[in-house]
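All values reported here derive from a predicted model rather than from experimental measurement.
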Amino acid sequence: MLKLVHTKAESPIGQLDIVASERGIVIALFEDSEQTTKEISRLIKKLKAELIIGENRHTLEFKKQLREYFSGARQRFSVPLQLIGTAFQNEVWTITRAIPYGKQVSYKAQTLKFRDIKSVRAVGRANGLNKIMIAIPCHRVVASDGKLSGYAGGIDRKRFLLNLERQALGERDLFSE
């Protein structure tokens, strides 16, 4: 039976629940999200896995990289991720991971990577189903008018993350209240 480890990580914007397999991080969601418990249960059932409280090399590395990210010393996560979604979702998440640190793209611009502007809702939905917050930086995807919209962790967290990245690059906050 597949074993998954479950741990928690502190961050300036709330505690994250982290779940990893031997292949990589599969979940990193904010603990206060009502979806977190459901997602962990769904994952266990889908993978026919056993969940164990503890750490493995991936959770330890992810926590280290989170600390570096929040201190402004890390721009890209290199810890292995195990993406568990449809082929389309995995493609969207891979494209999302390529958005440069401190930059934002619109859902429409992200959709153009698929050469089908009609899939903008599907791309938005796939970003909304991202189960590895921060490492898959869906917070960098904004509305076409540049305004903040849609983030499973909440708009305040999205604003914080975008401003954190801009400040680390020596730029001014764009998303102040």
Side-chain angles (χ1 to χ4, degrees), residues 4-33 35-36 39-40 43 53-85 89-107 109-110 113 123-124 126-142 146 148-177:
L4 300 172
V5 295
H6 178 217
T7 189
K8 296 184 184 286
E10 296 295 330
S11 87
I13 52 176
Q15 193 170 62
L16 289 147
D17 274 296
I18 302 168
V19 177
S21 70
E22 278 304 311
R23 291 179 51 204
I25 302 296
V26 291
I27 288 180
L29 293 170
F30 289 103
E31 181 183 57
D32 61 358
S33 167
Q35 286 298 96
T36 301
E39 288 298 333
I40 292 171
L43 178 72
I53 303 300
E55 303 273 6
N56 70 11
R57 67 184 191 274
H58 302 305
T59 61
L60 292 169
E61 182 61 23
F62 186 71
K63 286 179 174 184
K64 175 181 168 272
Q65 291 184 20
L66 270 176
R67 287 189 301 275
E68 293 168 351
Y69 171 82
F70 281 110
S71 75
R74 174 170 291 277
Q75 294 187 1
R76 184 166 173 76
F77 285 76
S78 60
V79 65
L81 307 181
Q82 183 179 352
L83 304 179
I84 299 176
Q89 290 167 340
N90 289 344
E91 188 174 357
V92 169
W93 299 332
T94 298
I95 288 170
T96 302
R97 283 188 82 189
I99 300 170
Y101 181 87
K103 304 297 180 201
Q104 295 81 48
V105 300
S106 69
Y107 289 100
Q110 191 180 33
K113 302 262 185 197
V123 168
N127 275 320
L129 293 173
N130 171 20
K131 294 170 201 60
I132 308 175
M133 299 289 213
I134 305 171
I136 299 176
C138 58
H139 61 274
R140 296 179 189 152
V141 184
V142 297
L148 301 184
S149 66
Y151 184 61
I155 294 297
D156 289 340
R157 284 183 175 132
K158 184 172 191 160
R159 180 181 298 110
F160 180 94
L161 294 168
L162 291 171
N163 284 330
L164 173 86
E165 292 178 8
R166 293 189 61 79
Q167 290 167 7
L169 293 172
E171 299 173 8
R172 66 177 181 82
D173 290 1
L174 280 184
F175 302 102
S176 299
E177 295 182 87

**Request:** Mind checking side chain to side chain contact (heavy atoms under 4.5 Å, CB included) for Ser71 and listing every partner two or more places apart, or none if nothing turns up?
**Result:**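 If we apply the side chain to side chain contact (heavy atoms under 4.5 Å, CB included) test to Ser71, skipping adjacent residues, the hits are Ala73.
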**Request:** With sequence neighbours excluded, tell me which residues meet side chain to side chain contact (heavy atoms under 4.5 Å, CB included) with Arg76.
**Result:** Arg97
Does any non-hydrogen side-chain atom of [Y] lie less than 4.5 Å from one of [X]?
| X | Y | result |
| --- | --- | --- |
| Thr36 | Glu31 | no |
| Val142 | Tyr151 | no |
| Leu129 | Gln89 | yes |
| Thr94 | Ile136 | no |
| Val19 | Leu43 | yes |

**Message:** Could you check whether Glu61 pairs with Arg57 (Lys NZ or Arg NE/NH1/NH2 to Asp/Glu carboxylate O, under 4.0 Å)?
**Reply:** no
Main chain of [Y], side chain of [X]: is a donor-acceptor contact present, judged purely on distance under 3.5 Å?
| X | Y | value |
| --- | --- | --- |
| Glu165 | Gly102 | yes |
| Trp93 | Ala126 | yes |
| His58 | Glu22 | yes |
| Gln65 | Val79 | yes |

**Request:** Could you tell me whether Arg157 sits above the aromatic face of Phe30, with NZ or CZ closer than 6.0 angstrom to the six-membered ring centre and within 45 degrees of the axis?
**Result:**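 Yes; both conditions hold, so Arg157 lies above the ring face of Phe30.
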**Request:** Could you verify whether a donor N or O on one side chain and an acceptor N or O on the other, from Thr96 and Asn130, lie under 3.5 Å apart?
**Result:** no
Quick one: pull up [atom1] in [X] and [atom2] in [Y] and give me the separation to the nearest 0.5 Å.
| X | Y | atom1 | atom2 | value |
| --- | --- | --- | --- | --- |
| Lys63 | Ile25 | NZ | CD1 | 10.0 Å |
| Leu148 | Arg159 | CG | CZ | 5.5 Å |
| Gln104 | Ile99 | CD | CD1 | 9.0 Å |
| Leu4 | Ile40 | CG | CD1 | 10.0 Å |
| Met133 | Ile13 | CE | CD1 | 9.0 Å |
| Asn56 | Thr7 | CG | OG1 | 9.5 Å |

**Message:** Evaluate Leu16 against Leu66 for side chain to side chain contact (heavy atoms under 4.5 Å, CB included), listing each step before the verdict.
**Reply:** CA-CA 10 Å; Leu16 289 147; Leu66 270 176; 3.6 Å; yes
**Prompt:** Does the side chain to side chain contact (heavy atoms under 4.5 Å, CB included) test come out yes or no for Ile18 and His6, once each step is laid out?
**Reply:** CA-CA 6 Å; Ile18 302 168; His6 178 217; 5.9 Å; no
**Request:** For the residue pair Tyr101 and Tyr69, categorise the inter-ring angle as parallel (less than 30°), tilted (30 to 60°) or perpendicular (more than 60°).
**Result:**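 Tyr101 vs Tyr69 ring planes: perpendicular.
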**Request:** Please list, chain by chain and in numerical order, all residues satisfying salt bridge (charged side-chain N to carboxylate O under 4.0 Å, His left out) with Glu10, sequence neighbours excluded.
**Result:**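 Checked Glu10 against salt bridge (charged side-chain N to carboxylate O under 4.0 Å, His left out); zero matches.
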Atom of [X], atom of [Y] and distance for their closest heavy-atom approach:
| X | Y | answer |
| --- | --- | --- |
| Lys131 | Ile84 | NZ-O, 3.9 Å |
| Asp17 | Lys8 | OD1-NZ, 2.6 Å |
| Gly72 | Ala168 | CA-CB, 4.1 Å |
| Tyr107 | Asn127 | CE2-ND2, 4.0 Å |

**Request:** Check the pair Arg140 / Val105 against side chain to side chain contact (heavy atoms under 4.5 Å, CB included), numbers first and verdict last.
**Result:** CA-CA 6 Å; Arg140 296 179 189 152; Val105 300; 5.9 Å; no
**Request:** Evaluate the side chain to side chain contact (heavy atoms under 4.5 Å, CB included) criterion for residues Leu29 and Gln35: first the C-alpha distance (whole Å), next the side-chain angles of each, then the deciding distance (0.1 Å), finally the verdict.
**Result:** CA-CA 9 Å; Leu29 293 170; Gln35 286 298 96; 5.7 Å; no
